[in-house]
Amino acid sequence: MKTKALIAAALAALAVSTAAIADKITFPLELSERTFDVKSQGFKFRALIPGKLHETYITNPQMESYTYSNNDGILEVSFQLISLSKAKYSEVVGGKFQELVTKPFSDKEHNLYGEYEILRDDHHGDDRTFEYEGYLRKQQDGFTPALHTLMHESYMLRGHHLLKVACHVRGLQEQRQVSEAIFKQADDDCTKIINSVTVYGK
């Protein structure tokens, strides 16, 4: 019951704040360059990051994640470096890369569905870059109301590492028009961030 109450409170705050989000974030975002040096995995990359957003850092043996978001969590830019096991790497390079990336767009088990447009799908040997824009909806369930997420994501497979760069705008489905307006404002910055990524390690 406590978990449900916390989720309900968070979503209530989200509903109230979505309409005012455009007043809290100014576009274009202030972008600055940063180098991420993941010494534990021998991997380094450089990218533009959005200023004046809160940074959250999470690490575990398989993944290192940097997330930049506004106070309400409606706009979020994230970098995730995933270290692939030999089995997962074999599965990815064996032809299931796009299938794994786009699985949430038809995930009935978790009440997810959506559409996406492929913007880029480049191959250089086993290296691959897959970029898309789309939306993902989550139907109402026992814990959350119906949600609508707009996204611009890029997945960069480099050796046994997968670097995911993502921009998300999240909101309730009934506030979809507001979310779409925010995403439209943010997408030029998201494109700049994604295009700025340079990888130095594998």
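By convention here, the first residue in the shown sequence is residue 1.
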Trace of the side chain to side chain contact (heavy atoms under 4.5 Å, CB included) decision for Leu53 with Ser69: CA-CA 5 Å; Leu53 296 181; Ser69 60; 5.8 Å; no
Any residue meeting ring pair (Phe, Tyr, Trp, His ring centres under 6.0 Å) with His168, in chain and number order, not counting sequence neighbours: none
Heavy-atom closest pair, residues His123 and Asp121: NE2-OD1, 3.6 Å
Side chain Asn70, main chain Leu75, donor-acceptor under 3.5 Å: yes
Ser196 side chain to Leu48 backbone, donor-acceptor under 3.5 Å: yes
Arg176: partners by side-chain hydrogen bond (donor to acceptor under 3.5 Å, both in side chains), with sequence neighbours left out: none
With sequence neighbours excluded, residues passing ring pair (Phe, Tyr, Trp, His ring centres under 6.0 Å) with Tyr89: His160
Centroid separation Phe130 to Tyr155 less than 6.0 Å: no
Closest approach of Leu172 to Pro145 (non-hydrogen atoms, all atoms of both residues): CD2-CG, 3.7 Å
Minimum heavy-atom distance between Asp187 and His152, given as atom pair plus value: OD1-ND1, 2.9 Å
Residue that, paired with His148, satisfies side-chain contact (heavy atoms from CB on, under 4.5 Å) out of Arg170, Gln177, Glu180: Glu180
Interatomic distance, Cys190 atom SG to Met151 atom CE [nearest 0.5 angstrom]: 11.5 Å
Donor-acceptor contact below 3.5 Å, side chain Arg158 vs main chain Asp126: no
Which residues share a side-chain hydrogen bond (donor to acceptor under 3.5 Å, both in side chains) with Asn71, sequence neighbours left out: His54
Qualifying residues under ring pair (Phe, Tyr, Trp, His ring centres under 6.0 Å), relative to Tyr116, sequence neighbours excluded: Phe105, Tyr132
Greater than 12 external heavy atoms within 6.0 Å of Glu30's CD: no
Listed partners of Glu153 passing salt bridge (Lys or Arg N to Asp or Glu O under 4.0 Å), at least two apart: Lys164
Thr26 vs Lys52, side chain to side chain contact (heavy atoms under 4.5 Å, CB included): CA-CA, chis, key distance, verdict: CA-CA 10 Å; Thr26 56; Lys52 296 190 175 180; over 6 Å; no
